[in-house]
Protein chains: 2
Amino acid sequence: MADLKGTDPTKPELAILKLLWRSKEMNAREIHREIEDDFGWSYSTVRTVLERMADKGQISKTPVDGVNIYEPQIGKVAMLSRMIADFSKRVLELDTTPATAFFAESKLLSDTELEELETVLRKAENE
Amino acid sequence: MADLKGTDPTKPELAILKLLWRSKEMNAREIHREIEDDFGWSYSTVRTVLERMADKGQISKTPVDGVNIYEPQIGKVAMLSRMIADFSKRVLELDTTPATAFFAESKLLSDTELEELETVLRKAENE
DNA sequence: AGCCTAATGTGACAGTTGTAGCAATGCCTA
DNA sequence: TAGGCATTGCTACAACTGTCACATTAGGCT
């Protein structure tokens with residue numbers, strides 16, 4: 001589970017994680033329905049990607065009544081803070097991660113999550 | 001040259017582009033020296049990556065006195081604005097790209113470039 | 001002019017991602 | 001209970017990336 005750290009998710013992976021962060025758990029059919037327009041992927045493709053994500057530990061796969069349901073194995077704030085820190089440093093070359101005021105408009109994060117994010121980012125900075 | 005748009009550079013690619021944005025042109029040996037510590041790459045590896053970047057049109061390769069020199073084929077502001085726009089929308093789900101005030105601390109951009117960036121980002125937004 | 005060093009072009013191979021199809025199995029319905 | 005549809009596990013393949021090594025060649029120094 002250590003390799004979760006380090007590598008950013010691919011675009012489809014992030015899209016899928018976002019779905020799971022919202023719904024907590026979904027089956028392949030549901031996930032396919034949601035992202036099929038965005039990626040133009042067949043059901044098979046979605047399943048393959050889900051399989052690989054499970055292998056990597058990004059999500060979990062549990063059979064329930066013969067149908068696999070998937071749940072995220074990494075939290076939204078954890079993932080976002082990693083990505084933000086990486087982008088800030090590697091791409092923008094900032095010493096300090098931008099204040100979360102920055103992300104306040106994000107449709108992705110609640111106020112509570114914003115606070116969490118702030119905490120995580122500040123903590124990461126002092127290490 | 002249309003495919004420059006669309007795909008983000010990989011980490012090493014961005015690192016190399018950054019070098020070239022600063023120096024305008026370098027040969028493989030110089031580039032290797034600069035990034036060898038960061039990536040732990042052999043000279044061969046660096047050359048392969050440069051070759052592929054040239055194929056993709058990210059950089060140009062020109063033999064000068066029997067030595068290839070490389071120059072960036074995409075501008076810093078163009079690349080950064082693309083990456084920022086993508087990150088803001090795709091990752092953070094922001095409607096509006098953050099004001100450039102946020103990048104003011106970036107070691108990567110001069111004041112002039114910051115202004116350019118602002119212009120490009122605003123323009124992209126109204127399309 | 002010849003040799004050595006450094007640079008070049010090319011080839012290779014493994015791992016990851018994009019992109020699916022297929023055969024087998026299990027469950028619901030007629 | 002048999003057929004059909006949905007799901008699953010498995011397989012496959014091409015493109016891109018990471019990672020080099022090797023043989024050839026060109027330029028500079030003796």
Side-chain angles (χ1 to χ4, degrees), chain A residues 2-19 25-71 74 83 86 90-91, chain B residues 2-19 25-71 74 83 86 90-91:
Chain A
D3 57 340
L4 268 300
K5 197 88 160 284
T7 315
D8 275 5
T10 63
K11 287 169 210 276
E13 282 171 356
L14 180 62
I16 289 172
L17 283 174
K18 282 186 182 183
L19 290 176
E25 59 172 61
M26 293 198 234
N27 62 43
R29 193 59 70 181
E30 290 163 347
I31 293 172
H32 177 235
R33 260 193 259 287
E34 296 275 355
I35 64 170
E36 113 178 281
D37 290 333
D38 302 293
F39 293 95
W41 277 4
S42 75
Y43 179 54
S44 264
T45 301
V46 171
R47 282 194 339 109
T48 301
V49 171
L50 286 171
E51 195 62 30
R52 289 173 181 167
M53 288 179 74
D55 287 344
K56 292 192 206 171
Q58 292 169 319
I59 61 179
S60 66
K61 170 171 96 168
T62 317
V64 172
D65 289 317
V67 174
N68 291 324
I69 62 156
Y70 300 91
E71 290 171 276
I74 181 169
M83 294 181 74
D86 173 68
R90 186 176 60 81
V91 180
Chain B
D3 57 339
L4 269 297
K5 198 91 160 287
T7 314
D8 276 5
T10 64
K11 287 169 210 276
E13 282 170 356
L14 181 61
I16 289 172
L17 282 174
K18 282 187 181 181
L19 291 176
E25 60 173 60
M26 293 198 231
N27 61 43
R29 193 59 70 180
E30 290 164 347
I31 294 172
H32 177 235
R33 260 194 259 287
E34 296 276 356
I35 65 170
E36 109 181 283
D37 290 332
D38 303 294
F39 293 94
W41 277 4
S42 76
Y43 179 55
S44 265
T45 301
V46 171
R47 282 190 346 101
T48 300
V49 171
L50 287 172
E51 194 63 28
R52 289 173 181 168
M53 287 178 77
D55 287 344
K56 292 191 206 173
Q58 293 169 319
I59 61 180
S60 67
K61 171 172 95 168
T62 317
V64 172
D65 289 317
V67 174
N68 291 323
I69 62 154
Y70 300 91
E71 291 171 273
I74 182 170
M83 294 182 74
D86 174 67
R90 186 176 61 79
V91 180

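Just so we're on the same page: letters track the sequence lines, and every chain starts at 1.
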task: List in numerical order all residues of residues 27-39 of chain A for which some heavy atom is under 4.0 Å away from an atom belonging to DNA chain D.
output: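 Per residue number, the list reads R29(A).
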
With sequence neighbours excluded, what pairs up with [X] under the side chain to side chain donor-acceptor pair (under 3.5 Å) test?
{"X": "S60(A)", "answer": "Q73(A)"}
{"X": "N27(A)", "answer": "none"}
{"X": "S42(B)", "answer": "T45(B)"}
{"X": "R52(A)", "answer": "none"}

Boundaries of the DNA chain D segment in contact with chain B, non-hydrogen, under 4.0 Å: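 Going 5' to 3' along DNA chain D, contacts run dT17(D) to dA21(D).
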
So T62(B) and E25(B), do their side chains get closer than 4.5 Å, heavy atoms only?
no

- Message: Of all nucleotides in DNA chain C that come within under 4.0 Å of a heavy atom of chain B, which is furthest toward the 5' end and which toward the 3' end?
- Response: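 Footprint of chain B along DNA chain C, 5' to 3': dA7(C) to dA12(C).
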
Would you jot down, in residue-number order, the residues of residues 60-67 of chain A having a non-hydrogen atom under 4.0 Å from DNA chain C?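 Result for residues 60-67 of chain A: none.
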
Check your understanding: Base, sugar-phosphate alone, or nothing: which one does T45(A) contact when heavy atoms must sit under 4.0 Å apart?
Key -> base

Under 4.0 angstrom, heavy atoms only, what part of the nucleic acid is S42(A) near: base, sugar-phosphate, or nothing?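 The residue S42(A) makes sugar-phosphate contact but no base contact.
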
Out of curiosity, [X] [atom1] to [Y] [atom2], how far, rounded to the nearest 0.5 Å?
{"X": "L19(A)", "Y": "M26(A)", "atom1": "CG", "atom2": "CE", "result": "4.0 Å"}
{"X": "D8(A)", "Y": "R90(A)", "atom1": "CG", "atom2": "CZ", "result": "7.0 Å"}
{"X": "Q58(B)", "Y": "I16(B)", "atom1": "CD", "atom2": "CD1", "result": "9.0 Å"}
{"X": "E51(B)", "Y": "K61(B)", "atom1": "CD", "atom2": "NZ", "result": "3.5 Å"}
{"X": "K11(A)", "Y": "I35(A)", "atom1": "NZ", "atom2": "CD1", "result": "14.0 Å"}

Here the salt bridge (charged side-chain N to carboxylate O under 4.0 Å, His left out) pairs for residues 27-49 of chain A, sequence neighbours left out, are none

### Message
Per the ring pair (Phe, Tyr, Trp, His ring centres under 6.0 Å) rule, what does the pair list look like for residues 42-71 of chain A, sequence neighbours excluded?
### Response
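The answer is H32(A)-Y43(A).
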
The single option from I31(A), L17(A), I69(A) that satisfies side chain to side chain contact (heavy atoms under 4.5 Å, CB included) with I59(A) is L17(A)

Most 5' of W41(A) and N68(B) on DNA chain C, judged by nearest nucleotide: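 Nearest-nucleotide comparison on DNA chain C picks N68(B).
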
